[in-house]
2 protein chains.
Amino acid sequence: MKSEIAEILKKNQLSVTGSRTAILEMFKKSNGALAHADIEKKSTEQFDRVTIYRTLQTFVEKGIIHTIPTTDNSVLYALCINNCTQNHHHDNHAHFICDVCDITFCLNHVTIPEVNLPEGFKKKRADIVLSGVCKNCSNK
Amino acid sequence: MKSEIAEILKKNQLSVTGSRTAILEMFKKSNGALAHADIEKKSTEQFDRVTIYRTLQTFVEKGIIHTIPTTDNSVLYALCINNCTQNHHHDNHAHFICDVCDITFCLNHVTIPEVNLPEGFKKKRADIVLSGVCKNCSNK
DNA sequence: TAATATCTTGCAACATTGTTGCAAATTATA
DNA sequence: TATAATTTGCAACAATGTTGCAAGATATTA
(Lines give C-alpha, C1' and ligand atoms only; values in the text may rest on other atoms or scores of the structure.)
Protein backbone atom coordinates (compact mmCIF):
# COMPACT_ATOMS: atom_id res chain seq x y z
CA MET A 1 0.00 0.00 0.00
CA LYS A 2 2.62 2.48 1.10
CA SER A 3 4.79 1.72 -1.89
CA GLU A 4 1.86 1.72 -4.25
CA ILE A 5 1.06 5.25 -3.14
CA ALA A 6 4.69 6.29 -3.45
CA GLU A 7 4.64 4.91 -6.97
CA ILE A 8 1.70 7.06 -7.92
CA LEU A 9 3.39 10.15 -6.58
CA LYS A 10 6.67 9.40 -8.33
CA LYS A 11 4.93 8.66 -11.58
CA ASN A 12 3.57 12.18 -11.37
CA GLN A 13 6.91 13.78 -10.59
CA LEU A 14 5.94 14.62 -7.04
CA SER A 15 8.17 14.26 -4.01
CA VAL A 16 6.96 11.55 -1.68
CA THR A 17 6.10 13.39 1.50
CA GLY A 18 4.18 12.59 4.65
CA SER A 19 1.16 14.68 3.89
CA ARG A 20 0.82 13.62 0.29
CA THR A 21 1.11 9.97 1.23
CA ALA A 22 -1.41 10.29 4.05
CA ILE A 23 -3.94 12.25 2.02
CA LEU A 24 -3.70 9.93 -0.96
CA GLU A 25 -4.12 7.01 1.42
CA MET A 26 -7.31 8.56 2.75
CA PHE A 27 -8.69 8.67 -0.76
CA LYS A 28 -7.70 5.08 -1.42
CA LYS A 29 -9.39 3.90 1.75
CA SER A 30 -12.49 6.05 1.42
CA ASN A 31 -15.40 4.60 -0.46
CA GLY A 32 -16.61 8.02 -1.46
CA ALA A 33 -15.50 11.51 -2.23
CA LEU A 34 -13.79 13.72 0.32
CA ALA A 35 -14.09 17.40 1.07
CA HIS A 36 -11.28 19.55 2.32
CA ALA A 37 -12.93 19.56 5.74
CA ASP A 38 -13.07 15.76 5.86
CA ILE A 39 -9.35 15.56 5.38
CA GLU A 40 -8.70 18.24 7.94
CA LYS A 41 -10.86 16.58 10.57
CA LYS A 42 -10.61 12.87 9.93
CA SER A 43 -6.90 12.45 9.34
CA THR A 44 -5.01 10.97 12.26
CA GLU A 45 -2.07 13.24 11.66
CA GLN A 46 -2.62 16.95 11.87
CA PHE A 47 -1.84 18.88 8.71
CA ASP A 48 -1.84 22.56 8.17
CA ARG A 49 -4.91 23.79 6.34
CA VAL A 50 -2.69 25.39 3.74
CA THR A 51 -0.87 22.14 3.11
CA ILE A 52 -4.15 20.37 2.47
CA TYR A 53 -5.29 23.04 0.06
CA ARG A 54 -2.03 22.86 -1.83
CA THR A 55 -1.93 19.08 -1.85
CA LEU A 56 -5.44 18.84 -3.25
CA GLN A 57 -4.64 21.46 -5.84
CA THR A 58 -1.52 19.60 -6.89
CA PHE A 59 -3.38 16.30 -7.11
CA VAL A 60 -6.03 17.87 -9.30
CA GLU A 61 -3.41 19.37 -11.59
CA LYS A 62 -1.65 16.05 -11.92
CA GLY A 63 -4.89 14.24 -12.60
CA ILE A 64 -4.72 12.06 -9.50
CA ILE A 65 -8.04 13.33 -8.20
CA HIS A 66 -10.86 15.36 -9.71
CA THR A 67 -13.43 17.76 -8.35
CA ILE A 68 -17.12 17.01 -8.16
CA PRO A 69 -19.75 19.72 -8.56
CA THR A 70 -22.36 19.88 -5.82
CA THR A 71 -25.56 21.88 -5.51
CA ASP A 72 -24.58 23.33 -2.18
CA ASN A 73 -21.37 25.25 -1.96
CA SER A 74 -19.07 22.42 -1.02
CA VAL A 75 -16.26 21.11 -3.18
CA LEU A 76 -15.68 17.39 -3.25
CA TYR A 77 -12.68 15.48 -4.52
CA ALA A 78 -12.38 11.90 -5.61
CA LEU A 79 -9.74 9.64 -7.08
CA CYS A 80 -9.48 9.41 -10.81
CA ILE A 81 -9.66 5.75 -11.55
CA ASN A 82 -7.14 5.69 -14.34
CA ASN A 83 -5.87 7.35 -17.45
CA CYS A 84 -6.38 10.85 -16.18
CA THR A 85 -3.17 12.60 -16.99
CA GLN A 86 -2.03 16.10 -16.23
CA ASN A 87 -4.55 18.69 -17.34
CA HIS A 88 -6.35 16.04 -19.26
CA HIS A 89 -9.04 14.57 -17.12
CA HIS A 90 -11.66 12.28 -18.42
CA ASP A 91 -14.32 14.28 -20.08
CA ASN A 92 -17.18 12.54 -18.44
CA HIS A 93 -17.95 11.90 -14.83
CA ALA A 94 -21.04 10.56 -13.15
CA HIS A 95 -21.50 10.91 -9.44
CA PHE A 96 -24.16 9.89 -7.01
CA ILE A 97 -24.78 11.69 -3.75
CA CYS A 98 -26.80 9.79 -1.18
CA ASP A 99 -29.37 11.94 0.60
CA VAL A 100 -29.27 9.64 3.61
CA CYS A 101 -25.63 8.93 4.39
CA ASP A 102 -24.29 11.86 2.40
CA ILE A 103 -21.57 9.77 0.80
CA THR A 104 -20.67 10.66 -2.75
CA PHE A 105 -19.95 7.79 -5.09
CA CYS A 106 -18.06 7.90 -8.34
CA LEU A 107 -20.01 5.89 -10.84
CA ASN A 108 -17.15 4.88 -13.03
CA HIS A 109 -19.09 2.27 -14.88
CA VAL A 110 -21.99 4.48 -15.77
CA THR A 111 -21.85 5.69 -19.32
CA ILE A 112 -23.16 9.18 -19.73
CA PRO A 113 -25.77 9.34 -22.45
CA GLU A 114 -25.59 11.91 -25.18
CA VAL A 115 -27.44 15.14 -24.55
CA ASN A 116 -29.11 17.01 -27.35
CA LEU A 117 -27.67 20.49 -27.15
CA PRO A 118 -29.21 23.49 -28.85
CA GLU A 119 -27.56 24.44 -32.12
CA GLY A 120 -24.25 26.20 -31.79
CA PHE A 121 -23.29 24.77 -28.45
CA LYS A 122 -20.14 22.67 -28.45
CA LYS A 123 -19.68 20.27 -25.57
CA LYS A 124 -16.26 19.52 -24.14
CA ARG A 125 -17.05 18.02 -20.81
CA ALA A 126 -20.07 16.57 -19.07
CA ASP A 127 -20.75 16.08 -15.40
CA ILE A 128 -23.78 14.29 -14.13
CA VAL A 129 -24.68 14.61 -10.50
CA LEU A 130 -27.42 12.29 -9.39
CA SER A 131 -28.88 12.18 -5.94
CA GLY A 132 -31.19 9.86 -4.11
CA VAL A 133 -30.65 6.82 -1.94
CA CYS A 134 -27.57 4.65 -2.33
CA LYS A 135 -27.37 0.88 -2.28
CA ASN A 136 -26.35 0.61 1.37
CA CYS A 137 -29.03 2.94 2.64
CA SER A 138 -31.88 1.44 0.64
CA ASN A 139 -31.12 -1.99 2.08
CA LYS A 140 -31.82 -0.86 5.61
CA MET B 1 -42.11 44.50 -15.64
CA LYS B 2 -42.24 46.03 -12.17
CA SER B 3 -45.71 44.69 -11.57
CA GLU B 4 -44.90 41.32 -13.06
CA ILE B 5 -42.12 40.97 -10.53
CA ALA B 6 -44.36 42.12 -7.71
CA GLU B 7 -46.85 39.48 -8.79
CA ILE B 8 -44.26 36.74 -8.50
CA LEU B 9 -43.34 37.87 -5.03
CA LYS B 10 -46.93 38.09 -3.87
CA LYS B 11 -47.77 34.72 -5.32
CA ASN B 12 -45.07 33.36 -3.06
CA GLN B 13 -46.27 35.18 0.05
CA LEU B 14 -43.33 37.51 0.12
CA SER B 15 -43.47 41.21 0.89
CA VAL B 16 -42.64 43.32 -2.10
CA THR B 17 -39.48 45.13 -1.09
CA GLY B 18 -36.82 47.10 -2.88
CA SER B 19 -34.10 44.52 -2.67
CA ARG B 20 -36.27 41.59 -3.66
CA THR B 21 -37.64 43.47 -6.62
CA ALA B 22 -34.21 44.59 -7.78
CA ILE B 23 -32.59 41.19 -7.38
CA LEU B 24 -35.41 39.38 -9.12
CA GLU B 25 -35.20 41.96 -11.89
CA MET B 26 -31.51 41.20 -12.30
CA PHE B 27 -32.33 37.55 -12.84
CA LYS B 28 -35.04 38.40 -15.35
CA LYS B 29 -32.70 40.59 -17.32
CA SER B 30 -29.68 38.32 -17.15
CA ASN B 31 -29.27 35.76 -19.86
CA GLY B 32 -27.38 33.45 -17.57
CA ALA B 33 -26.95 32.41 -14.00
CA LEU B 34 -25.79 34.80 -11.31
CA ALA B 35 -23.49 34.35 -8.38
CA HIS B 36 -23.81 36.17 -5.10
CA ALA B 37 -20.81 38.28 -6.06
CA ASP B 38 -22.42 39.30 -9.37
CA ILE B 39 -25.41 40.67 -7.55
CA GLU B 40 -23.29 42.45 -5.01
CA LYS B 41 -21.11 44.08 -7.64
CA LYS B 42 -23.33 44.64 -10.65
CA SER B 43 -26.47 45.98 -9.03
CA THR B 44 -26.96 49.72 -9.36
CA GLU B 45 -28.31 49.98 -5.86
CA GLN B 46 -26.10 48.92 -3.01
CA PHE B 47 -27.47 46.13 -0.86
CA ASP B 48 -26.04 44.71 2.27
CA ARG B 49 -24.26 41.43 1.75
CA VAL B 50 -26.49 39.84 4.36
CA THR B 51 -29.61 40.99 2.57
CA ILE B 52 -28.42 39.37 -0.63
CA TYR B 53 -27.68 36.11 1.11
CA ARG B 54 -31.09 36.08 2.73
CA THR B 55 -32.90 37.08 -0.43
CA LEU B 56 -31.26 34.32 -2.44
CA GLN B 57 -32.01 31.82 0.28
CA THR B 58 -35.65 32.87 0.39
CA PHE B 59 -35.95 32.67 -3.39
CA VAL B 60 -34.51 29.17 -3.39
CA GLU B 61 -36.90 28.06 -0.65
CA LYS B 62 -39.86 29.46 -2.53
CA GLY B 63 -38.77 27.86 -5.75
CA ILE B 64 -38.23 31.11 -7.60
CA ILE B 65 -34.59 30.35 -8.32
CA HIS B 66 -32.44 27.24 -8.04
CA THR B 67 -28.79 26.56 -7.42
CA ILE B 68 -26.45 25.21 -10.04
CA PRO B 69 -23.58 22.89 -9.15
CA THR B 70 -20.19 23.94 -10.48
CA THR B 71 -16.84 22.19 -10.49
CA ASP B 72 -15.08 25.09 -8.88
CA ASN B 73 -16.30 26.26 -5.54
CA SER B 74 -18.74 28.90 -6.71
CA VAL B 75 -22.48 28.78 -6.22
CA LEU B 76 -24.66 29.93 -9.06
CA TYR B 77 -28.34 30.75 -9.07
CA ALA B 78 -30.79 30.90 -11.91
CA LEU B 79 -34.50 31.46 -12.39
CA CYS B 80 -36.77 28.48 -12.32
CA ILE B 81 -38.72 28.74 -15.50
CA ASN B 82 -42.02 27.55 -14.11
CA ASN B 83 -43.80 25.07 -11.93
CA CYS B 84 -41.12 25.01 -9.29
CA THR B 85 -43.05 25.35 -6.08
CA GLN B 86 -41.81 25.61 -2.55
CA ASN B 87 -39.40 22.84 -1.64
CA HIS B 88 -40.39 21.06 -4.77
CA HIS B 89 -38.05 21.99 -7.52
CA HIS B 90 -37.94 20.28 -10.81
CA ASP B 91 -36.06 17.07 -10.50
CA ASN B 92 -33.96 17.61 -13.56
CA HIS B 93 -31.79 20.48 -14.61
CA ALA B 94 -29.33 20.82 -17.42
CA HIS B 95 -26.84 23.64 -17.48
CA PHE B 96 -24.14 24.71 -19.84
CA ILE B 97 -21.12 26.70 -18.75
CA CYS B 98 -19.20 28.42 -21.53
CA ASP B 99 -15.43 28.15 -21.14
CA VAL B 100 -14.96 31.34 -23.13
CA CYS B 101 -17.44 33.91 -21.82
CA ASP B 102 -18.07 32.07 -18.56
CA ILE B 103 -21.82 32.54 -18.82
CA THR B 104 -23.94 29.73 -17.46
CA PHE B 105 -27.04 28.85 -19.42
CA CYS B 106 -30.06 26.97 -18.22
CA LEU B 107 -30.96 24.47 -20.87
CA ASN B 108 -34.63 24.23 -20.13
CA HIS B 109 -35.48 22.46 -23.32
CA VAL B 110 -32.90 19.77 -22.97
CA THR B 111 -34.33 16.50 -21.79
CA ILE B 112 -32.01 14.60 -19.53
CA PRO B 113 -31.58 11.05 -20.71
CA GLU B 114 -31.98 8.14 -18.37
CA VAL B 115 -28.82 6.93 -16.69
CA ASN B 116 -28.28 3.29 -15.92
CA LEU B 117 -27.57 3.20 -12.23
CA PRO B 118 -26.00 0.24 -10.47
CA GLU B 119 -28.47 -1.99 -8.68
CA GLY B 120 -29.81 -0.64 -5.42
CA PHE B 121 -29.35 3.02 -6.22
CA LYS B 122 -32.54 5.05 -6.31
CA LYS B 123 -32.46 8.32 -8.17
CA LYS B 124 -34.44 11.32 -7.01
CA ARG B 125 -32.80 14.16 -8.82
CA ALA B 126 -30.42 14.62 -11.70
CA ASP B 127 -28.20 17.55 -12.56
CA ILE B 128 -26.21 17.72 -15.73
CA VAL B 129 -23.47 20.25 -16.03
CA LEU B 130 -22.01 20.55 -19.50
CA SER B 131 -19.19 22.81 -20.48
CA GLY B 132 -17.66 23.87 -23.72
CA VAL B 133 -18.29 26.77 -26.07
CA CYS B 134 -21.67 28.46 -26.26
CA LYS B 135 -23.56 29.60 -29.32
CA ASN B 136 -22.45 33.21 -29.10
CA CYS B 137 -18.78 32.43 -28.63
CA SER B 138 -18.57 29.81 -31.35
CA ASN B 139 -19.93 32.29 -33.88
CA LYS B 140 -17.01 34.63 -33.40
C1' DT C 1 -56.17 56.68 6.05
C1' DA C 2 -54.07 55.81 10.50
C1' DA C 3 -52.61 52.44 13.94
C1' DT C 4 -50.85 48.17 14.74
C1' DA C 5 -48.74 43.84 13.75
C1' DT C 6 -45.57 41.49 10.92
C1' DC C 7 -41.82 41.08 8.21
C1' DT C 8 -37.39 42.78 6.23
C1' DT C 9 -33.17 45.28 6.31
C1' DG C 10 -28.66 46.81 7.77
C1' DC C 11 -25.23 46.87 11.13
C1' DA C 12 -21.97 44.69 14.09
C1' DA C 13 -19.60 40.96 15.42
C1' DC C 14 -18.13 36.66 14.45
C1' DA C 15 -17.02 31.98 12.13
C1' DT C 16 -15.42 29.62 8.24
C1' DT C 17 -13.00 29.08 4.10
C1' DG C 18 -9.46 30.17 0.91
C1' DT C 19 -4.86 32.75 -0.51
C1' DT C 20 -0.01 34.55 -0.41
C1' DG C 21 4.87 35.29 1.06
C1' DC C 22 8.54 33.55 3.31
C1' DA C 23 11.74 31.04 6.38
C1' DA C 24 12.58 26.43 8.09
C1' DA C 25 12.36 21.70 7.19
C1' DT C 26 12.19 17.88 4.20
C1' DT C 27 13.10 15.31 0.00
C1' DA C 28 15.64 14.37 -4.19
C1' DT C 29 20.02 14.51 -6.69
C1' DA C 30 24.79 14.12 -7.53
C1' DT D 1 26.99 13.18 2.52
C1' DA D 2 26.58 17.81 0.59
C1' DT D 3 23.89 20.56 -2.26
C1' DA D 4 19.88 21.89 -4.89
C1' DA D 5 15.08 21.78 -5.30
C1' DT D 6 10.80 21.17 -3.37
C1' DT D 7 7.46 21.19 0.34
C1' DT D 8 5.69 22.53 4.75
C1' DG D 9 3.91 25.45 8.43
C1' DC D 10 3.30 29.88 10.21
C1' DA D 11 1.55 34.46 9.99
C1' DA D 12 -1.12 37.65 8.02
C1' DC D 13 -4.67 38.57 5.18
C1' DA D 14 -8.88 38.38 1.97
C1' DA D 15 -13.18 36.58 0.88
C1' DT D 16 -17.29 34.29 2.02
C1' DG D 17 -20.98 32.99 4.92
C1' DT D 18 -23.80 33.28 9.61
C1' DT D 19 -26.37 35.14 13.70
C1' DG D 20 -28.73 38.46 16.87
C1' DC D 21 -30.92 42.51 17.24
C1' DA D 22 -32.71 47.23 16.73
C1' DA D 23 -34.56 50.28 13.25
C1' DG D 24 -37.12 50.63 9.21
C1' DA D 25 -40.41 49.17 5.70
C1' DT D 26 -44.45 46.60 4.35
C1' DA D 27 -48.91 44.55 5.05
C1' DT D 28 -53.23 44.32 7.64
C1' DT D 29 -57.09 45.86 10.09
C1' DA D 30 -60.41 48.92 11.52
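Chain A is the first sequence line, chain B the second, and so forth, proteins listed ahead of strands; every chain is numbered from 1.
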Nucleotide N/O of nucleotides 4-8 of chain C paired with protein N/O under 3.5 Å:
unit_1	atom_1	unit_2	atom_2	d
C:dC7	O3'	B:Ser15	OG	3.3
C:dT8	OP1	B:Arg20	NH1	2.6
C:dT8	OP1	B:Arg20	NH2	2.8
C:dT8	O5'	B:Arg20	NH2	3.3

When A:Thr55 and B:His36 are each assigned the nearest nucleotide of DNA chain D, the 5'-most assignment goes to A:Thr55
Take atom CZ of A:Phe47 and atom C1' of D:dT8, then tell me their distance rounded to the nearest Å.
11 Å
Could you state the CD-C1' distance from A:Glu40 to C:dG18, rounded to the nearest angstrom?
11 Å
d(CG, A:Asn12; P, C:dA28) in whole Å
14 Å
All salt bridge (charged side-chain N to carboxylate O under 4.0 Å, His left out) counterparts of A:Lys41, not counting sequence neighbours
none
To the nearest angstrom, how far is A:Glu61 atom CD from D:dT7 atom C1'?
14 Å
Just to verify, which of A:Leu56, A:Thr55, A:Asp48, A:Val50 counts as forming a side chain to side chain contact (heavy atoms under 4.5 Å, CB included) with A:Ile52?
A:Leu56
Atom OH of B:Tyr53 and atom P of C:dG10: how far apart are they, to the nearest Å?
15 Å
Closest heavy-atom contact between B:Phe47 and B:Ala22?
CZ-CB, 3.7 Å
Other residues, nucleotides, ligands: >12 heavy atoms within 6.0 Å of A:Lys123 NZ
yes
On DNA chain C, compare the nucleotides closest to A:Val75 and A:Gly18; which residue's is nearer the 5' end?
A:Val75
In whole Å, what is the span from the CG atom of B:Asp48 to the C1' atom of D:dA23?
14 Å
Minimal non-hydrogen separation, B:Lys122 against A:Phe96, with atom names
O-CZ, 3.6 Å
Can you say whether a donor on the side chain of B:Arg49 sits under 3.5 Å from an acceptor on the base of C:dG10, or the other way round?
no
Would you mind reading off the distance between B:Arg54 atom CZ and D:dG20 atom P, rounded to a whole angstrom?
10 Å
To the nearest angstrom, the NZ-P distance between A:Lys10 and D:dT6 comes to 17 Å
N/O donor-acceptor pair under 3.5 Å between B:Asp38 side chain and B:Ala35 backbone:
yes
Verify the ring-centre separation between B:Phe105 and A:Phe121: is it less than 6.0 angstrom?
yes
